[in-house]
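Down below is the structure, laid out as structure tokens.
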Amino acid sequence: MTKPSLPQGTRDFGPETVRKRNYILQTIRAVFETYGFQPLETPAMENLSTLLGKYGEEGDKLIFKILNNGLDRPEKEQDTREAFEKVLQGKNSIQLTERALRYDLTIPFARYVAMNHQQLTLPFKRYQVQPVWRADRPQKGRYREFYQCDADVVGSRSPLNETELALIYHEVFTRLGLTGYTLQVNNRQILAALANRCGGPEKMTDITIAIDKLDKIGLEKVKEELAQRGLSENQILLIEEYLAVKGTNEEILSGLDKLVGHDPAGAKGIAELRTLLQSLSGSLLPTPGSSLPSPGSRLIIDPTLARGLNYYTGIIFEAKAPKEVKMGSIGGGGRYDDLTGLFGVPDIPGVGISFGVDRIYDVLEELQLFPADVFVGTQVLFFNLGAAESARAFALLQGLRQKGIRGELYHENLKFDKQFKYAEKKNIPFVVILGEKELGEGRCNLKDLRSGVQHSLTWDELMETKFTER
RNA sequence: GUGGUUGUAGCUCAGCUGGUUAGAGCAUCAGAUUGUGGUUCUGAGGGUCGCCGGUUCGAACCCGGUCAGCCACCCCA
């Protein structure tokens, strides 16, 4: 008998954890719905060919591959051995593995759109909340199985989409109490323009990977890395100038304009950021007396933001937890002009965002932002004080359940002490005590465990009780 | 994938240069307390010291391997 254990990087979620996660997910779903997004689910596994090559070389390594069934069949032995040789040489072989676990939600969505675009009314706005798997080494805030919540719009080039997605971030984080979040934005077009001035489009990946690390490793190291990646001194100088663009959003925009504004891509990128900025500041009716920050105030234009995924082509987002929590990114997204092109369906542009639920959970936990009522499951516990008493209690309980009250009858006639402690442990706010005396009088005692206050009620009065907090 | 670090009761951790029977707090259970919980007091149960191997008269402790957690790098949510 071996001790039971979990695969590396996976977790069980106990009742309390699930409640807290649901609180986050319901908040996000509700906001998605208010913006007209519709739910979608796709299978846990995809054909490996659907996923390979979509996440870069590193990404391919992190895809969990599923071993084919039936490899032990004798008549296939020769094929299997050859396939295994290929794997030893670092190649993938569909002889051994033709399916893999979903790595993110965006590519499966693109696959879905490519397969169904004729039936979909465009623009199609969907949201998706499902687990994804990555064969990464686990560490803080990083798991091998985790949930993503994505919202994407495909079939529209309107900048309204970017505005709405930014507002969704704002609405969700505000509702969750994470008012100190920041939304970093940049535009791939600007990075493309920079690459054009530094050796051409093929240098874009090298440049973005290096400058993305600026706040982590510092300017000198970034310059070293750029040199390593084959950029000339002049080009590095130009990038240094680019990285030196700082200040308010307006100042950054005009700084960028000087550097790459004459490039068509650069000009386009800058204009798109301007549009986003303006539409956000115009998006709210003034609410007198509100101390909540406005969406525009949380937006930071960050020229160093690059994001690893290569399919982004326009505006890119990255949501960061409030500074006091060392967590980094809690969401990200961007515009991709031709994602379904990978699946043979060109000209369907899209833009999407993603929430990192597990990280948001950790942040809310650390900042103690879960509301108290998240922890209440059962609202009322009926004490079990004998056969006749509990029969009456059960009837009353059923009446309350029909009214939507969450209640339980204690399972055995044990002493008070036990029954009280059960209520306490389960965080049940109310108990109903209905013993021999109360049974005779047609009454019961309702006790609020938090205040310790107890009232005597008739059974009819009990049925009208709401059992809400205080 | 690379490097560092940790692994002792359900949980958090002590455990000296290797030396008889491995401890504490919290939690659990029982009692004080058979219709009023949270406090208090008393007592009890609970461990192949992650796993496998090696060194030694003797290993929780030293060595090797392995698995898992954490941290950093790579990358990323």
Side-chain angles (χ1 to χ4, degrees), chain A residues 1-11 14 24 28 55-63 90 102-106 129-150 205 208-210 212-213 216-217 221 225 305-310 317-321 326-334 352-363 381 383-386 389 410 413-439 444-456:
Chain A
M1 187 74 166
T2 48
K3 272 189 197 168
S5 63
L6 285 173
Q8 189 179 38
T10 66
R11 303 152 292 165
I24 297 172
I28 296 173
Y55 309 107
E57 211 175 307
E58 284 299 317
D60 283 356
K61 287 186 199 159
L62 300 181
I63 295 172
R102 177 168 64 217
Y103 180 89
D104 73 353
L105 301 179
T106 308
V129 182
Q130 289 189 278
V132 303
W133 295 269
R134 293 186 189 177
D136 211 349
R137 190 109 164 221
Q139 55 177 277
K140 185 181 172 75
R142 179 186 285 187
Y143 307 97
R144 289 187 148 182
E145 177 187 66
F146 62 95
Y147 272 77
Q148 282 191 337
C149 306
D150 282 24
T205 306
T208 53
I209 287 177
D212 198 33
K213 297 177 185 167
K216 245 185 190 169
I217 62 176
K221 293 268 181 191
E225 182 154 349
L305 178 67
R307 293 195 61 78
L309 297 170
N310 283 325
F317 299 105
E318 186 151 315
K320 295 241 166 108
K326 287 203 173 64
M327 186 53 82
S329 170
I330 52 175
I353 56 170
S354 178
F355 287 87
V357 192
D358 298 271
R359 288 191 175 177
I360 293 173
Y361 181 99
D362 289 347
V363 171
L381 176 72
F383 274 19
N384 186 327
L385 301 172
E389 292 88 341
Y410 195 78
N413 178 11
L414 295 184
K415 51 185 180 180
F416 268 55
D417 185 57
K418 291 277 174 213
Q419 307 202 31
F420 267 120
K421 282 187 171 151
Y422 178 80
E424 234 172 86
K425 266 182 253 169
K426 281 196 73 177
N427 205 17
I428 300 172
F430 294 98
V431 299
V432 170
I433 300 165
L434 197 164
E436 196 183 351
K437 195 175 91 198
E438 290 81 7
L439 187 62
C444 62
N445 288 320
L446 174 66
K447 182 160 183 174
D448 179 337
L449 288 193
R450 303 194 178 184
S451 62
V453 177
Q454 179 171 312
H455 297 289
S456 173

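Chain letters run A, B, ... following the sequence lines, proteins first and then strands; every chain starts at 1.
- Residue-to-nucleotide contacts include no donor-acceptor pair under 3.5 Å from the side chain of A/Arg137 to the base of B/C71.
- Rounded to an integer number of Å, the gap from CG of A/Asp448 to C1' of B/U36 is 14 Å.
- Where A/Glu438 and A/Ala135 meet RNA chain B, the nucleotide closest to each residue was compared, and A/Ala135 sits on the side nearer the 5' end.
- Checking side-chain atoms of A/Gln419 against main-chain N and O of A/Phe416 turns up no donor-acceptor pair under 3.5 Å.
- Spacing between B/C13 and B/G47 at atom C1', rounded to whole Å, works out to 15 Å.
- Using a 4.0 Å heavy-atom criterion, one finds that A/Gly9 contacts the sugar-phosphate atoms exclusively.
- As rounded to whole Å, 13 Å separates atom C1' of B/A72 from atom CG of A/Asp136.
- Separation of the P atoms belonging to B/G53 and B/U40 is 46 Å when rounded to the nearest angstrom.
- In this entry the distance linking OH of A/Tyr422 with P of B/G38 reads 18 Å, nearest Å.
- Partners of A/Lys437 under the salt bridge (charged side-chain N to carboxylate O under 4.0 Å, His left out) rule, at least two apart in sequence or in another chain, do not exist in this structure.
- When the C1' atom of B/U36 is taken as reference, atom CG of A/Asn413 falls 15 Å away, rounded to whole Å.
- Within the nucleic acid shown, A/Ser329 comes within 4.0 Å of sugar-phosphate atoms alone, with no base atom in reach, counting heavy atoms only.
- For the C1' atoms, the distance linking B/A44 with B/U17 amounts to 37 Å, nearest Å.
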Can you give one letter per nucleotide of nucleotides 26-34 of chain B, 5' to 3': B if a protein heavy atom sits under 4.0 Å from the base, S if only from the sugar-phosphate, - if neither?
--S-SS---
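- Residue order along RNA chain B, read from the 5' end via each residue's closest nucleotide, puts A/Leu414 first among A/Leu414 and A/Phe146.
- For A/Arg134, the side-chain atoms get nearest to B/A77 when compared with the rest of B/G35, B/G37, B/A77.
- Straight-line distance between the C1' atoms of B/C76 and B/A68: roughly 22 Å, to the nearest whole Å.
- Taking every heavy atom of both residues into account, A/Cys149 and A/Leu105 meet most closely at N-CD1, 4.5 Å.
- A/Leu449 comes within 4.0 angstrom of a nucleotide base, judged by non-hydrogen atoms across all strands.
- A gap of 34 Å separates the P atoms of B/A72 and B/A60, to the nearest Å.
- A/Tyr147 and A/Phe355 have their aromatic ring centers separated by at least 6.0 angstrom.
- Judged by distance alone, the side chain of A/Asp358 and the main-chain N or O of A/Tyr143 form no donor-acceptor pair under 3.5 Å.
- Per the geometry, CG belonging to A/Asn384 stands 16 Å off C1' belonging to B/U36, to the nearest Å.
- Using a 4.0 Å heavy-atom criterion, one finds that A/Gly59 contacts no nucleic acid atom at all.
- A/Ile433 comes within 4.0 angstrom of a nucleotide base, judged by non-hydrogen atoms across all strands.
- Rounded to whole Å, the separation between the P atoms of B/G4 and B/G19 comes to 28 Å.
- Side-chain N/O atoms of A/Gln454 and A/Asp448 include no donor and acceptor closer than 3.5 Å.
- Not one N or O on the side chain of A/Asp150 forms a donor-acceptor pair closer than 3.5 Å with the backbone of A/Ser354.
- Residue contacts shown for A/Asp358 are absent, as no nucleic acid heavy atom lies under 4.0 Å away.
- Atoms CD (A/Glu145) and C1' (B/C76) sit 17 Å apart, rounded to a whole Å.
- Counting any heavy atom pair closer than 4.0 Å across all strands shown, A/Leu381 reaches no nucleic acid atom.
- Of the candidate nucleotides B/G37, B/C75, B/U36, B/C75 has the atom nearest to the side chain of A/Ile209.
- In this view, A/Glu436 satisfies the salt bridge (charged side-chain N to carboxylate O under 4.0 Å, His left out) rule with no residue, not counting sequence neighbours.
- Using atom P as the reference point in both B/C11 and B/C70, the two lie 15 Å apart (nearest Å).
- Scanning all heavy atoms of the two residues, the minimum distance from A/Val431 to A/Ala423 falls at CG1-CB, 3.9 Å.
- Taking atom CZ of residue A/Arg142 and atom P of nucleotide B/C71, one finds them 11 Å apart after rounding to whole Å.
- Distance noted for atom P between B/G25 and B/C41: 11 Å (whole Å).
- In this structure, CZ of A/Phe355 is placed 14 Å from P of B/A77, rounded to the nearest angstrom.
- With sequence neighbours left out, the ring-ring contact (aromatic ring centres under 6.0 Å, His included) criterion links A/Phe146 to no other residue.
- Between A/Pro7 and A/Thr10, the shortest heavy-atom contact is O-OG1, 2.8 Å.
- In this structure, A/Phe383 reaches neither bases nor backbone, as no heavy-atom distance under 4.0 Å exists between it and the strands shown.
- When the side-chain nitrogen and oxygen atoms of A/Gln8 are compared with OP1 and OP2 of B/G69, one or more of them lie within a distance under 4.0 Å.
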Throw together a table of side-chain donor-acceptor distances under 3.5 angstrom for residues 130-139 of chain A, partners on residues two or more places apart or in other chains.
from	atom 1	to	atom 2	distance (Å)
A/Gln130	OE1	A/Thr42	N	2.9
A/Gln130	OE1	A/Gln128	NE2	2.9
A/Gln130	NE2	A/Thr42	O	3.1
A/Trp133	NE1	A/Glu145	OE2	2.9
A/Arg134	NE	A/Tyr103	O	3.1
A/Arg134	NH2	A/Tyr103	O	3.2
A/Asp136	OD2	A/Arg142	NH1	3.3

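- Phosphate proximity of B/G37 to A/Gln419: absent, as no side-chain N or O sits under 4.0 Å from OP1 or OP2.
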Using Watson-Crick and G-U wobble pairs whose two distances are both under 3.5 Å, how do you write the pairing of RNA chain B as dot-bracket, with | for links to another strand?
(((((((..((((.....[...)))).(((((.......))))).....(((((..]....))))))))))))....
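- The side chain of A/Gln139 has B/C74 as its nearest neighbour among B/C74, B/G35, B/G37.
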